[in-house]
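Chain identifiers are assigned alphabetically (A, B, ...) following the order of the sequence lines, protein sequences preceding nucleic acid strands; residue numbering begins at 1 within each chain.
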Protein chains: 2
Amino acid sequence: MFLSKSFGYALRGVLYVALIHKEGRKVQLDEMADKLKVPRHFLAKIMKNMVKEGVLNSTKGPYGGFSLHESTLKTKLISLVKLTDGMAQFNTCVLSLRKCNNENPCPLHLNMLKIRDGMLAEFSSKTLGDLLDEKNPDFIKSISTIA
Amino acid sequence: MFLSKSFGYALRGVLYVALIHKEGRKVQLDEMADKLKVPRHFLAKIMKNMVKEGVLNSTKGPYGGFSLHESTLKTKLISLVKLTDGMAQFNTCVLSLRKCNNENPCPLHLNMLKIRDGMLAEFSSKTLGDLLDEKNPDFIKSISTIA
DNA sequence: TCATTAAAAGACATCTATATCTTTTTTATT
DNA sequence: AATAAAAAAGATATAGATGTCTTTTAATGA
């Protein structure tokens, strides 16, 4: 796996909130879990973390739910990765060699560096808003249909 | 993680056998587990699989151990990945969407395709022999020193 | 043929990511 | 103030990757 399931849930979750935001309403967990076909309680944990990190807003109580934060659409994809998977994977030798670095590279060091830097560049430049701009006609369907 | 620990153990294991092969001798599990600082029985499982898939030779009994197969140095890195991690990661949508494809792409489809294809190309062209040719002065040290 | 060596095989254990359940806290409405 | 709604928080459960142990099989040499 390149990225964890948690990352996938987080991204689909925040994009769903963004889509519903255009309709001028908040989103609640039950609706999200249902529409995105994601385990409710597991999604709750992930959404909570996004709120804590300032990627989303939430309000408790009746008519509460999740809504966009000023920063949501400006959030880089890499921030989501950091939140769900951590950044260790970009700095850890695939052969688990502690002393692997540019001066003392393992046999795969350069190969992996290239791949990782490509991914890092991609995810460091793209924002959540960018994904919404690249209009996919079946966008809402695409982030919903897991089955 | 981009690749599993099993993959790292497999690669270091087979490269170690290749190095010792130049000294004209076979290698036994105890020596490998010791030198590579890898759990003996777990390494055994991985080595066994490589033998089964024809990446390495082995002989039982006294003076037995692991040795090179004609195909060892010609083995593509991707074959090792296939053996330890499987290929699903290259074909599965990171958002876990079953219907994600070129016709009906998820918001990250193109981004991931680029990254994956880069990795696939890299690992499909490089062989174990290539890694040994790119002479790293501290090569043996580098695949051994995990601590 | 017998003892010894070493890999093969399979059963068992642990650890981490994933998933679920229950209780607590906050907010809104009456 | 009382009730209800919904997220937050924390405890518990499951599954898959990782790691360990024991038994079996095959090869060697005396």
[X] [atom1] - [N] [atom2] separation (whole Å):
| X | N | atom1 | atom2 | value |
| --- | --- | --- | --- | --- |
| B/Gln89 | D/dA17 | CD | P | 11 Å |
| B/Asp85 | D/dT18 | CG | C1' | 12 Å |
| B/Lys37 | D/dT18 | NZ | P | 21 Å |
| B/Phe42 | D/dA17 | CZ | P | 10 Å |
| B/Leu29 | D/dT25 | CG | P | 19 Å |
| B/Tyr63 | D/dA30 | OH | C1' | 12 Å |
| A/Asn49 | D/dG10 | CG | C1' | 13 Å |
| B/Met47 | C/dA6 | CE | P | 15 Å |

Report task. Give B/Lys52 one of three labels, base, sugar-phosphate or nothing, depending on what nucleic acid heavy atoms sit under 4.0 Å from its own. Result ->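 Touches nothing.
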Requested in this report: For B/Val27 and for A/Pro62, find the nucleotide of DNA chain C with the closest heavy atom, then tell me which residue's nucleotide is more 5'.
Outcome: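 The residue whose closest nucleotide sits nearer the 5' end is B/Val27.
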Requested in this report: With DNA chain C as reference, determine whether B/Lys45 or B/Arg40 sits nearer its 5' end, using the nearest nucleotide of each.
Outcome: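 The residue closer to the strand's 5' end, by nearest nucleotide, is B/Arg40.
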Report task. Over 60° means perpendicular and under 30° means parallel, so classify the ring planes of A/Phe7 and A/Phe123, tilted if in between. Result -> tilted
Measuring from the side chain of [X] (C-beta onward, heavy atoms only), which nucleotide among [options] has the closest atom?
| X | options | answer |
| --- | --- | --- |
| B/Lys48 | C/dA28, D/dA8, C/dA8 | C/dA8 |
| A/Phe66 | D/dA8, D/dG19, C/dT18 | D/dA8 |
| A/Lys60 | C/dA28, C/dT26, D/dA26 | C/dT26 |

Query - Side-chain donor-acceptor pair present, A/His109, A/Asn101, cut-off under 3.5 Å - result: no
Query raised in the report: Just checking, any donor-acceptor pair under 3.5 angstrom between side chains of A/Asn57 and A/Ser67?
Result: no
Report task. Using a strict cut-off of less than 4.0 Å between a Lys/Arg side-chain nitrogen and an Asp/Glu carboxylate oxygen, indicate whether A/Lys26 and A/Glu31 qualify as a salt bridge. Result -> no
Requested in this report: Compare side-chain N and O positions of B/Ser58 against OP1 and OP2 of C/dA8 and report whether any pair is under 4.0 Å apart.
Outcome: yes
Query - Side-chain N,O (A/Ser6) to OP1/OP2 (C/dT18) below 4.0 Å - result: yes
**Report entry** Residue closer to the 5' end of DNA chain D, B/His41 versus B/Lys26 (nearest nucleotide)
**Finding:**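 With B/Lys26 and B/His41 compared, the 5'-side residue is B/His41.
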Report task. Flag the pair A/Val94 / A/Asn111 as yes when at least one side-chain heavy-atom distance between them is below 4.5 Å, and no otherwise. Result ->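 No. Closest side-chain heavy atoms not under 4.5 Å.
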